[in-house]
Amino acid sequence: MAQAAYTLTAEPHPTHRDLKILIDGLGAAAPKETRKAPIQAFGFLVRDDSGAVVAGITGSSFYGSLYIDVLWVDDTLRSQGWGSRLIGEAEKTARQRKCSFMCVNTMDWEARGFYEKLGFAVE
């Protein structure tokens with residue numbers, strides 16, 4: 001039987017399909033190893049009257065934790081409570097999924113103070 005040939009490639013812009021393959025692969029293995037729920041995505045969007053997305057939050061839960069991947073609020077909506085409301089929805093999701101903690105990656109110049117004000121700590 002011939003051995004399969006494999007190629008490693010750099011993917012500066014992986015497709016959504018390829019990313020889904022990786023997430024699904026990890027998600028299939030996790031419950032067997034951890035006895036925890038499989039990876040589950042979440043998302044909440046704020047839309048204007050025309051249906052355009054003007055703010056939102058996305059991420060996933062796995063291994064008993066909830067990770068925020070993206071939180072964005074359009075400049076025109078900043079300082080109006082939308083970011084806090086979106087974090088609140090993520091927290092509700094974390095509780096529903098029985099997560100023991102939430103995590104987000106940010107930089108000092110991005111929104112570190114915002115997250116700390118909401119109870120996140122630097123780790």
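Quick note: numbers below take in every heavy atom, side chains included, and nothing from hydrogens, waters or symmetry partners.
- With hydrogens and angles left out, the side-chain atoms of Glu11 and Thr9 include a donor and acceptor closer than 3.5 Å.
- At distances below 3.5 Å, at least one donor-acceptor pair connects side-chain atoms of Asp48 with backbone N or O atoms of Gly51.
- Tracing side-chain contacts under 4.5 Å through hydrophobic residues (I, L, V, M, F, W, Y), one never reaches Ile57 starting from Trp72; they form parts of separate clusters.
- Arg97 contributes no side-chain N or O that, together with a main-chain N or O of Gly64, makes up a donor-acceptor pair within less than 3.5 Å.
- Cluster annotation: Leu77 is connected to Leu118 through the hydrophobic network of ILVMFWY side chains, with a link wherever side-chain heavy atoms come within less than 4.5 Å.
- The structure places CD of Gln40 at 8.5 Å from SG of Cys99, a figure rounded to the nearest 0.5 Å.
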Steps toward side chain to side chain contact (heavy atoms under 4.5 Å, CB included) verdict (Val46, Val73): CA-CA 9 Å; Val46 178; Val73 177; over 6 Å; no
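- Between Tyr67 and Phe101, the angle of the ring planes goes over 60°, which puts this pair in the perpendicular group of the 30/60° scheme.
- With values rounded to the nearest 0.5 angstrom, Phe44 atom CZ is found 11.0 Å from Ile87 atom CD1.
- The two residues Phe42 and Ala90 make their nearest non-hydrogen contact at CE1-CB, 4.0 Å.
- Leu45 and Val54 fall into different hydrophobic clusters, defined by Ile, Leu, Val, Met, Phe, Trp and Tyr side-chain heavy atoms under 4.5 Å apart, directly or through other members.
- We find the CD-CD distance between Glu91 and Gln96 to be 12.0 Å, quoted to the nearest 0.5 Å.
- Side-chain contact between Leu71 and Leu86: present, with at least one pair of heavy atoms (C-beta onward) separated by less than 4.5 Å.
- Under the 3.5 Å distance criterion, the side-chain polar atoms of Ser65 are left unmatched by any main-chain donor or acceptor of Ser61.
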Working for side chain to side chain contact (heavy atoms under 4.5 Å, CB included), residues Leu66 and Thr93: CA-CA 8 Å; Leu66 188 126; Thr93 300; 3.9 Å; yes
